[in-house]
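Everything numeric here is computed off the predicted structure, so don't read it as measured data. In the text below, chain A, chain B and the rest are named by the order of the sequence lines, each starting its count at 1.
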Number of protein chains: 2
Amino acid sequence: MRVLVADDDPQILKALRIILTAHGYDVSTARDGREAIDAAAHDRPDVIVLDLGMPGLDGVAVIEAVRGWTTTPILVVSGRTDTSGKVDALDAGADDYVTKPFATEELLARIRAVTRRAPEAADGPTVAFGDVVVDLAARQVKRAGQDVRLTPTEWAVLEQLVRNPRRLVTQQTLLTSVWGPTHTRDSGYLRIYLGTLRKKLEADPSRPRHLITEPGIGYRFVPDPE
Amino acid sequence: MRVLVADDDPQILKALRIILTAHGYDVSTARDGREAIDAAAHDRPDVIVLDLGMPGLDGVAVIEAVRGWTTTPILVVSGRTDTSGKVDALDAGADDYVTKPFATEELLARIRAVTRRAPEAADGPTVAFGDVVVDLAARQVKRAGQDVRLTPTEWAVLEQLVRNPRRLVTQQTLLTSVWGPTHTRDSGYLRIYLGTLRKKLEADPSRPRHLITEPGIGYRFVPDPE
DNA sequence: GTCCGGCGTATGGATCGCGTAAAGACGGCC
DNA sequence: GGCCGTCTTTACGCGATCCATACGCCGGAC
């Protein structure tokens, strides 16, 4: 998880870098609004912690500029405690607003809160569950960072399920979409391919948590409950 | 845009209702944690404004219960200013945390911020009653956020009833739609499956409130009595 | 009070569907 | 032609589901 911290105070920058790094984040930094926008575009962070009191560009202008091309969560940190400042920042596109001084634990919790809601706001239409990441566009599956080799049929089944998260996909739908309209009755294919998919993707293939069977009807893909 | 406001202080409740209504929101209210959970399930609001200091259920427990089945944004309002309270609430699934007293303009801005990101959850039209949510499109039933496992026959019966809320469904209709046109006289099947459905979905299976028997005629599904 | 029809519940056996393994068939590639 | 990966087909064990039956309860009719 990458964090961009933008603040003009080198001490705060340093302190935040240490704290965030200690909590497992990759930290990049910016010292003014111009740098912040460049870094946001270049580093593609998962969340931006933005100080409004930076010289040069106005803080709200930075937010609006960044919001022009990305939905990356923005958490504003500011010395201003007045309501209008908060309202302006939030309405410009910030996701949260914390006033200085703040407890680091609270900042971390708020970072978790805003990133929790935008897991797929990263780049690419990926679906993640457990330690698995499915990139539908790239036709690629990774597990714990490692490439997972899927056969064409396995991919076709998985894709159909992943494209309908939480929804039940009937056996007939799967069969016709993968094997063609002639196949309408389960010849046992599905059981086999769901088996191999579970073996490759589930932590415990004998107790699947994401590729669920609905007996007599079909199958269901369930992403992480969080 | 619907807002659920949960607070045990009637004055705050009233004030928020007036303010939010004036800004174009449809407001529903709850006075304790239990009510809040029920209202969240029944009214399906677009955002929940939740006071943590309510009697009865712990605020964090309310958040976790609601998070069990929906991603509706939750904005916590609390008198507690300590860090641990904020961290607990945010990590439980809250999207924002505002301490009393707060400026109404700020609250409104924060509501806009959390709702801006919500993509109006893609789960289809649902029918809710009690702590049960039936998603006809996804063919899924949840109770208090937990998945309820229904057999194909159980689902077929439930679906037929839920699709005709408040209307009486005759035994013959149920039999022919579930078991085929040959079955026209009650062989005792319906009694059995209504029994299991009540066991799985009713708060008190011996005193059903939603799956009602009409003696000699059929059955009737009744959503929550207002 | 007694009878009776309709309903709810429990129980046991037959059946169905699923998961798994293994082996043969097919096609691409060297 | 031989090798390899993938797909198809078949078979078996096991658990869940469904079916069939029986019994107890309740309210209404008489």
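- Applying the salt bridge (charged side-chain N to carboxylate O under 4.0 Å, His left out) criterion to B:E159, with sequence neighbours excluded, gives B:R163.
- Rounded to an integer number of Å, the gap from A:W155 CH2 to D:dC7 P is 14 Å.
- Atom C1' of nucleotide D:dG15 and atom CZ of A:R207 are separated by 14 Å, given to the nearest angstrom.
- A salt bridge does not link B:D135 with A:R167: every distance from a Lys NZ or Arg NE/NH1/NH2 to an Asp or Glu carboxylate oxygen is 4.0 Å or more.
- For B:K14, there are no side-chain hydrogen bond (donor to acceptor under 3.5 Å, both in side chains) partners two or more places apart in sequence or in a different chain.
- Contact annotation: B:Y193 side-chain N/O to D:dT17 OP1/OP2 distance is not under 4.0 Å.
- In this structure, the CG atom of B:L197 is 12 Å from the P atom of C:dG8, given to the nearest Å.
- Take B:D91 and apply the salt bridge (charged side-chain N to carboxylate O under 4.0 Å, His left out) test, not counting sequence neighbours, and it matches A:R112.
- Under 4.0 angstrom from either OP1 or OP2 of D:dT17 there lies no side-chain N or O belonging to B:T151.
- Computed from coordinates, the B:K200 NZ to D:dA16 C1' distance equals 10 Å when rounded to whole Å.
- Partners of B:R80 by salt bridge (charged side-chain N to carboxylate O under 4.0 Å, His left out), not counting sequence neighbours, listed by chain and number: B:D82.
- The closest side-chain heavy-atom distance from B:V148 to B:K142 is not below 4.5 Å.
- Between D:dC19 and B:W179, a contact under 4.0 Å exists linking OP1 or OP2 to a side-chain N or O.
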Polar atom pairs (N or O), protein with nucleotides 17-20 of chain C, under 3.5 Å:
from, atom 1, to, atom 2, distance (Å)
C:dC18, OP1, A:Q171, NE2, 2.7
C:dC18, OP1, A:G216, N, 3.1
C:dG19, OP1, A:R198, NH1, 2.9
C:dG19, OP1, A:R198, NH2, 3.4
C:dG19, OP1, A:T213, OG1, 2.5
C:dG19, OP2, A:Y219, OH, 3.0

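- Here A:Y25 pairs with nothing under the ring pair (Phe, Tyr, Trp, His ring centres under 6.0 Å) rule; sequence neighbours left out.
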Can I get a per-line list of side-chain donor-acceptor pairs under 3.5 Å for residues 3-11 of chain B, giving both atom names and the distance, sequence neighbours left out?
from, atom 1, to, atom 2, distance (Å)
B:D7, OD1, B:D9, N, 2.9
B:D9, OD1, B:Q11, N, 2.8

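- Secondary-structure stems of DNA chain C, taken as three or more successive Watson-Crick or G-U wobble pairs (i with j, i+1 with j-1) under a 3.5 Å distance threshold, comprise C:1-30 with D:1-30.
- By the salt bridge (charged side-chain N to carboxylate O under 4.0 Å, His left out) test, A:R139 pairs with no residue at all, sequence neighbours left out.
- B:Y189 has its OH atom 17 Å from the C1' atom of C:dC7, to the nearest Å.
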